[in-house]
Each structure stands twice: as C-alpha cells, then as structure tokens.
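Some notes on the structure that comes next.
Heavy-atom basis, side chains included; hydrogens, waters and symmetry copies ignored. Quick note on labels: first sequence line is chain A, next is B, and so on, each numbered from 1.
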Amino acid sequence: MTIDQLVQTTLGGLAIGCIYSLIALGISMIIRATDILHFAQGEMLMIGSMAGLSSFWLQGMPFWLVLLAGVLGGGLVSMLVEVVVYRTLRLRRVSAINIMIATLGVSIVLQNVARLVWGSEPLRYPTLFASGGVKFAGFTVSPQLIWIVLLSGLIMGVLILFFRFTRLGIAMQAAAQDPDVAQLMGISVDRTTTYTFAISGMMAGAAGVLLGSLFFASFNMGFLTGIKAFVAATLGGLGSIAGAMIGGLIFGLIETFSGTLISTAYKDAVGMVVLIAILLFMPTGLLTRGGREV
Amino acid sequence: MRSSLIARLGVALLLAAVPLLQSNAYWVHIFSLALIGVILAFSQQLLVGMAGIVSLGQGAFYGIGAYTAASLAISFHVPFVLAIVAGGLLAGLSSLLLIPIVRLKGSSLAVATLGFAIIVHLVMLNEDWLTGGSIGMIDIPAPTLFGFSLGGEKALYYICLITAAAVFLAFDRIAHSRFGRALTAISQDEEAARASGINIAVYKSKCFLVAAIASGIAGGLYAFHSRYLNPNDFDFQKSIDILIMVVIGGIRSLPGAALGAAIVVLIPELLRASGEFRLLLFGVMVIVFAGAGSKGLSGILVDLVKYIAQHGQRWLLQKPWTARL
C-alpha cells in the first residue's frame, strides 16, 4: 500500500465513519434518554436522504438547502414517531423488549412508505460538490469526502456545544441521567425526550444527505446502515456520546481498510469480529457512561 | 393438568386436519413453512422467554442446519432424517463458538449475536465451494423413508407437524426441569441466581446450545421443504423476524411463541391481495401487537377467554327475568 493509497483509504474511512458516528450519536442519545434500542434510526437517514433529494428536484436548490431539507425531514419524522408511537407505548407501560420490536415495526412501515412515495429503484443523487480532485497537503483527494468529514465534524461540534452551554441541552442531559429528579426540578421529561428524538433524527437526516451524495438514495439504504451504526455505538459503549463518535470513526476505518486490504466480500465480517473481540475484553464497549445500566 | 392435556390433543388433531380442510398445495406449503417458523420461535422463546437472553442470531443456526442437511443429502445421499438430525447437531456445535460472549449482558449480547449472524451470512454468501455462494444450493433430493417418497406437500406438512410437536414436548419438559428453573432464575436476577449456586455461564451456554439445535433442525426441515437454499433466506433479517414472532406472540409461553410464528408467516401471505401495501400493513401490525402488552397476543387471548368464561357464566346463572331487565 503506497502512501497515497493510505491517505485515500483513511479519508474514505473517516468519511463513512463520520456518517456512522452521526447515526450512532442519535442511537446513544435515545438510549440515554429512554432506554429504547432504536432500530429505526437508519430509516431517519433514509428519510433525510429522500427529503433532500426531493427538495433538489423541486427547486434545484443549492447544496446547503438540500442539507437543510434532509435535516428537517429526518428530525420531523423522528419526532412524529416518538410522539405518536413510542410515547403511547411508554404510557401503556409496555416492556422494553416490546418497544424494541415496535421500533422494528416502525422501520418496516417507514421503508414501505418510502417505497410507495419514491419507488423501489435506487435514485441518483445530484453532484453536490465540485467534482475533480483537490490538492491537499500534496495529495489529490476527493472534495466530497473532505466536505463530509468537515460537515460532520461541524455538526458534532455544535451538538457538544449545545449540550454544554444551552439551557435545553443541560435539561436534556439532566433528564437522561435521572428522569425523576429532573422532573422534580421542573424539567418536562416528555418535552426533553421529544427534543432528543428530534435532534437524533436531524443528525441522521444530515447523514442521509451526505451518504446519498456519495452513492445513491433508495428506500432500503437505511436499515443496514442503521444496524452498522448500532454496532458502532456498541463498540464505543452504548449510551456514551463520545463513545458513539469514536465507535463510528473506528468502525468506518475498519470497514474501509479491510475492504481494500483483506476482501470487499468480508469487510462487514471484519467489523463484527473486531466488535466481538472488543466486547470480550471490555464488555461495555470502549467508553462507558456512568449511572444506569443499559 | 388433565384439561391442558385435552387442549393439547385438541390442537394436535386440529393441526393434523389442516391439510384435509385446505388441500390447495400452495397453502399446505405455506402451512409447513409456518410450522418451521414455530420451531424457530420455540428456540427463541427458550432464550428470551426463559433465560432473558435477547438473541439476534437464531437465523444463523437455522442457516447452518439447512446447509448441513442439504449438503449431506446432495453429496452423500444421506437419508433425510439423519441429514436433519446432523443439521441440528452441527448448528448446536457451532453455537459453542458463542461461549466466549455469553458473559455479556442485555443489548451488548444482542448486538454480539447479531454480529455472529452477519458473519455466518457472509460465509454462506461468499464460500462458493461450501455453500454454492450467491447461487445457493439447488436440486436437494425429495425426502424418502424406507423407499417411499415423502416429497408431496402433505407428507412434508406432517413431517413438520411431528417435528414441531416433538420440539414442543421437549421444551415443555425443559421448562419444568431443574435446568428450566435455573434459566428462569437467571432471567429474574443474575446475582441472586449466582448466589444460589447456578453457574451462569454454563447455563447460558447450554441454553444457546439447545436453542441452536432446535433452530438447526428447523433449518434441515426447510432444506427439504423448499429444496432450494439461497443465502439471503438466512440473513440477519431472518433472526430479527424470529425475535418478532416471540415478542408479539407472548414472551412467557410456548403456545404464545407458536401463535406469533403463525402470525409472522401467515399474515403477509393473507395480505397478498393488498399488493403494495402488504408490508406496510404488516409493519403497522407489528407495532400494534408489540404495543398490546408484555403478555403478547396469547396473553390477550387467555384474558379474553377468562373474561368470557366469567361473564358468560354470570349471564347464564342469572334468572331469566333479571336478565330481561
């Protein structure tokens, strides 16, 4: 492997890893706030991707508006699902495993709604970034990958600032740590939970636009990506925000490197082997969150 | 005890009569598939219902059983009963690979078994010399017993029914054995179970082993049932389907698991008329059934029967003139 290949593969791995991180973040936030294993998170990515594409079709909008449409699409659907489905189930005091199965049901529903609306063929995404190579520290790299890494980094940075410095962000963290005490302090836990779903849906929607711009958009693009993000979140430590970011990046790098070095057919398998190996030595993942057990 | 025996015999007779009532070959084929699903649901019920282990890897053992039985039947002309048993055994043997991860808990264990299922599916998809790769395995011979061909849809239905009944009886015994009680103890409180002298890792591994054997047998049946294997029949989606069966049917009971399996296999077939909306409706049903409560559909049915029994009795016992008021 030459230095040039190494740089290209690393950049590709980081880009796909950032996309996993964005979804894994949502999964981790939802687990912290509600203890729900959200298997429909990948569908928010798909909805975001489709919403972005539709906005491009309608108006031929510039890239940042397409991204915004994806963010809004993912966020709205995620919020809707929480308010209509999961909140109803929680009020009925349904057990955690039943809610997990309901998330799988939500995933089936969203996929099939998307298939009815956007058809079952993969849809070509417009080229959102200037194609052609960009010189970067002496290497010619794809601007698309650099944009994905930069934008994802920006989104995650904003999220960290949001959690640390805004009233709502701090309220959301408090509600996630101890819902009962947070409620006593005057925080509406229902509201913070809704916001948690909205924000995780928005991040997944952004990831959807970025992933779509790399490949295609299709009704079934979400589920497997969501499952991989789940694995990434577990790798980093379920429920840990930093763990989700690191887990996503590691998983993306492993996948890309094993794809070029070992075999493309088994690149998913390598990630799973690494996951199992890490869980054997660190049963709760690389980073653990304090407090309740997931 | 006697009433449950009568109920079991009644259900067995009813199921045995199904091919006589609906003799359309296509539907008998689907009913056999549902019975195979029932066996898979039993295996998941042992894990999730009794031991509290959420496994997302049963589809892998199902596939291992199917491919083993099919290879033995194609390459070595092994009789079908032996091939199915061998499928179950090899699936059980491969479950020993999970021993290192059984000490994980909850969602980590679930994701780790999902990883296992993904690895096994990739092996099936890519190892052409072993599994036929993405083309799969074709020309699986029809099952024969003592020179008689059992290839007809009805004969296969009865084979599946007998196997499902045998697995039910075996798992029912397990539930009432020392092993079953130990598993229940683990699901309720691992620390307390450990303190009572239950070796958690050994019991969990045994639980995976028994469940994998049952899934492998189901896979063997499937190989002779469809006579064509495609690796995508055994992807992680299959494992997820098996978990859905048990949860919507009712986690705590074997009949509940069977009911859930019947729903998951049959409803999409019944909805075929709704065309494009088929899976959409199925997804809505999964949400509704999952939201129906922790006892699942079987629990709701039992409650309903009890309610009718109580209120019906009261209504019958009422004097005619009060009833009229």
Original post:
So, for Ala269(A) and Leu122(B), which heavy atoms are closest and what is the spacing to 0.1 Å?
Top reply: N-CD1, 3.3 Å
Subject >> Taking every non-hydrogen atom, the tightest pair across Val286(B) and Gly105(A) >> reply: CG1-CA, 3.9 Å
Original post:
Which atom pair, heavy atoms only, marks the closest approach of Val109(A) to Ile287(B)?
Top reply: CG2-CD1, 4.1 Å
Original post:
Is chain B contacted by the side chain of Ile101(A), its backbone, both, or neither, given a heavy-atom distance below 4.5 Å?
Top reply: both
Subject >> Residue Val106(A) versus chain B: region with a heavy atom under 4.5 Å >> reply: both
**OP:** Give, as side chain, backbone, both or neither, the part of Ser95(A) having an atom under 4.5 angstrom from any heavy atom of chain B.
**Re:** both
**OP:** Measure Leu279(A) against the heavy atoms of chain B and call it side chain, backbone, both or neither at under 4.5 Å.
**Re:** both
Original post:
Quick one: what part of Val270(A) sits under 4.5 Å from any heavy atom of chain B, side chain, backbone, both or neither?
Top reply: neither
Subject >> Residue pair Ser108(B) / Pro283(A): nearest heavy atoms and the distance that separates them >> reply: OG-O, 3.5 Å
Original post:
Of all heavy-atom pairs between Arg115(A) and Glu276(B), which one has the smallest distance, and what is that distance?
Top reply: NH2-O, 3.8 Å
Original post:
Between Phe39(A), Phe223(A), Tyr266(A), which shows the greatest number of heavy-atom pairs under 4.5 Å with chain B?
Top reply: Tyr266(A)
**OP:** Could you tell me which of Leu224(A), Ile227(A), Thr88(A) has the largest number of non-hydrogen atom pairs under 4.5 Å with chain B?
**Re:** Ile227(A)
Subject >> Heavy-atom proximity to chain A below 4.5 Å, by part of Val111(B) >> reply: both
**OP:** Look at the side chain of Arg103(B) and the backbone N and O of Leu280(A), then say whether any donor-acceptor pair between them is shorter than 3.5 Å.
**Re:** yes
Original post:
So, does Asn98(A) use its side chain to make a donor-acceptor pair with the main chain of Ala290(B) at under 3.5 Å?
Top reply: yes
